[in-house]
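Have a look at the structure below before the remarks.
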Amino acid sequence: MNLEEVEVLFDREQVMARVKELGQQITQDYQGKNLLVVGILKGAFIFMADLVREIDLPLEIDFMDVSSYGVSTVSSGEVRIIKDLDYSIREKDVLIIEDIVDTGLTLKYIKDILTKRHPRSIRICCLLDKPSRRKADIAPEYVGFVIPDKFIVGYGLDYAEQYRNYPAVCVLKPSVYEK
Ligand code: IMP
Ligand code: MG
């Protein structure tokens, strides 16, 4: 990790402790259900890999990749599906895994699309929640950490596709993207 560019917000140990708690909670809540864990690419891939190993239940996994329309860094809420799920979610208890909920516009769109496909239930689990920036009416049922409005990288999250491999959840110093 280049500590001139990032500041550690939660180290790997803190993240793993919280992921373990989330896994235990989900294990309790989904007893006897038909759990399908849906990861939103690419940001959720590391969080999801750790989380599913803390869920002590039979489950299936699938992935979806979406992209916002336009080049603006501000989320428009108009989303295009790049990669859809491989299988039907009918009668499944779907748990969407996302890295971070910011405006909530992306997740609102995904949740609305998936709800139309008749799952038995649908919930959201995110590693990070920035509620101060919320624009869509979306409230994740499972949240790793509530954070202030800072730009985050590491543990799957990127800036211009970099930093996803950093093991800690880090704040990207504004000097990196303001230059
Ligand atoms: P939303 O539609 O504004 O909620 O956008 C959510 C998506 O924007 C996330 O899945 C991330 O890909 C990206 N995003 C939002 N905030 C951050 C951040 O602080 N760091 C990295 N990516 C972010
Ligand atoms: Mg994302």
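Order of appearance sets the numbers: ligands from 1, and atoms from 1 within every ligand.
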Self-check item: Working for side-chain contact (heavy atoms from CB on, under 4.5 Å), residues H118 and E91
Solution: CA-CA 7 Å; H118 308 288; E91 296 305 309; 5.8 Å; no
Practice problem: Output, in order, the C-alpha distance, side-chain angles, deciding distance and verdict of salt bridge (Lys or Arg N to Asp or Glu O under 4.0 Å) for E60 and K92. | Solution: CA-CA 10 Å; E60 291 171 42; K92 303 273 185 190; 2.9 Å; yes
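Heavy atoms of G43 stay at 4.0 angstrom or farther from ligand 1. Not a single heavy atom of L107 lies less than 4.0 angstrom from ligand 1. Residue V153 places no heavy atom under 4.0 Å from ligand 1. Residue K135 places every heavy atom at 4.0 Å or more from ligand 1. Proximity of K130 to ligand 1 is established by a heavy-atom distance of less than 4.0 Å.
Inspection of the D93 and S121 side chains reveals an N or O donor paired with an N or O acceptor under 3.5 Å. Donor-acceptor pairing under 3.5 Å is recorded for the side chains of D29 and Q25. For the residue pair Y163 and E5, a side-chain donor N or O sits within less than 3.5 Å of a side-chain acceptor on the partner. A donor atom on one side chain and an acceptor atom on the other are found under 3.5 Å apart for Y155 and D50.
F63 CZ to L85 CG: the interatomic distance, rounded to the nearest 0.5 Å, is 10.5 Å.
Listed by number with element, the atoms of ligand 1 under 4.0 angstrom from any heavy atom of T106 are 1 (P), 2 (O), 5 (O). The F151 neighbourhood of ligand 1 comprises atoms 17 (C), 18 (C), 19 (O), 20 (N), 21 (C), 22 (N), with distances under 4.0 Å to a heavy atom of that residue. Close contacts between ligand 1 and K150 involve ligand atoms 19 (O) [criterion: under 4.0 Å to a heavy atom]. Heavy-atom proximity to L157, at under 4.0 Å, picks out these atoms of ligand 1: 20 (N), 21 (C). Heavy-atom proximity to D158, at under 4.0 Å, picks out these atoms of ligand 1: 21 (C).
Of the heavy atoms in E98, only side-chain atoms (C-beta onward) come closer than 4.0 Å to ligand 1. Residue contacts with ligand 1, taken as heavy atom pairs separated by less than 4.0 Å, do not involve L172 at all.
When all heavy atoms are compared, the tightest approach of R134 to D102 is NE-O, 3.0 Å.
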